[in-house]
Amino acid sequence: MLIGELSRQTGVSERLLRYYERTELIHAERRANGYREFDDQTVETVHRVRALLAVGLPTRIIRQVLPCTHDAATLRPCPGVLTSLRDQLATLDQRAADLETARRLLRQTIAATEVTENTGEQAPAAGLRSSSTSA
C-alpha cells in the first residue's frame with residue numbers, strides 16, 4: 001500500500017509516517033518510480049508505535065522494543081529491553097517527582113498570594129516564609 005493509504009488506515013499523517021521510516025520504526029520498499037510501498041503488517045506496526053509512544057517511550061527505545069512486541073500490550077524477552085524499560089520508568093518517576101515539587105510550590109505561592117490579597121501585605125517568594133523578626 002502507498003503512504004496515503006497507510007495514513008488513512010492508521011490515522012497518522014504522511015509526514016509522521018515518513019519520520020517513522022527515517023527513524024527505522026517502519027520500513028518500506030521503493031517502487032521504480034520512488035513511491036514507498038508498505039506491506040499490510042505496517043498498519044499493525046504503526047498502531048504498536050503509537051501505543052508505545054502513548055506510554056511515554058521515546059522513539060530510540062521504541063526502535064529497540066518494537067522487534068520484541070508480540071501484540072500491543074506484551075513483549076517477548078529480548079536482550080537489554082527490560083533494562084531500557086526500567087531506565088525509562090525511572091526517568092518518568094523523576095519527572096513526576098519534579099512536577100509534584102513544582103505543584104507544591106505553586107500551591108504555596110497561590111495560598112500566600114490569596115492571604116496577602118486579603119491583608120494588603122507583600123507576598124513572600126515561592127517556597128519561602130516571611131520572617132516575623134526584623135534586624
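Considering only heavy atoms from C-beta on, Y19 comes within 4.5 Å of T59 through its side chain. Under the 4.5 Å side-chain criterion, counting only non-hydrogen atoms from C-beta, R107 is not in contact with I110. Within the 4.5 Å cutoff, the side chain of M1 has heavy atoms near those of the V43 side chain. For the pair R50 and Y20, the minimum side-chain heavy-atom distance is below 4.5 Å. Counting heavy atoms from C-beta on, the side chains of L57 and L85 come closer than 4.5 Å. A 4.5 Å side-chain heavy-atom check between T45 and L25 finds every atom pair outside the cut-off. For the pair L52/T69, a side-chain contact is recorded, criterion being any heavy-atom separation below 4.5 Å from C-beta on.
Interatomic distance, OG1 of T101 versus CG of L106, reported as 12.5 Å (0.5 Å rounding). Distance check, rounded to the nearest 0.5 Å: CG of L99 to CZ of R104 gives 12.5 Å.
Looking at R103 and E100, a side-chain N of the basic residue comes within less than 4.0 Å of a carboxylate O on the acidic one, giving a salt bridge. E21 and R36 are joined by a salt bridge, as a carboxylate oxygen and a charged side-chain nitrogen come within less than 4.0 angstrom of each other.
A donor-acceptor pair under 3.5 Å is absent between the side-chain atoms of T42 and the main chain of F38, judged by distance alone. In this structure, the side chain of R63 engages the main chain of T23 through a donor-acceptor pair within 3.5 Å. Under a 3.5 Å cut-off, the side chain of Q88 and the backbone N or O of G56 do form a donor-acceptor pair. For the pair R30 (side chain) and G34 (backbone), a donor-acceptor distance under 3.5 Å is present.
V81 and L53 fall within the same hydrophobic cluster, defined by Ile, Leu, Val, Met, Phe, Trp and Tyr side-chain heavy atoms under 4.5 Å apart, directly or through other members. If you chain together hydrophobic residues whose side chains sit under 4.5 Å apart, V55 and V12 fall into the same group. No path of Ile, Leu, Val, Met, Phe, Trp and Tyr side chains, each step under 4.5 Å between heavy atoms, connects L17 with L2, placing them in separate hydrophobic clusters. In the hydrophobic clustering of this structure, I61 does not group with L89; members are Ile, Leu, Val, Met, Phe, Trp, Tyr whose side-chain heavy atoms approach within less than 4.5 Å, directly or through other members.
The two residues L6 and T10 make their nearest non-hydrogen contact at O-OG1, 2.8 Å. Nearest heavy-atom pair across P79 and Q64 is O-NE2, 4.0 Å.
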With side-chain hydrogen bond (donor to acceptor under 3.5 Å, both in side chains) as the test, would you mind laying out the steps for E14 and S7 before giving the verdict? CA-CA 6 Å; E14 291 180 22; S7 176; 5.0 Å; no
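Atom CG of D93 sits in a crowded spot, with more than 12 heavy atoms from other residues, nucleotides or ligands closer than 6.0 Å.
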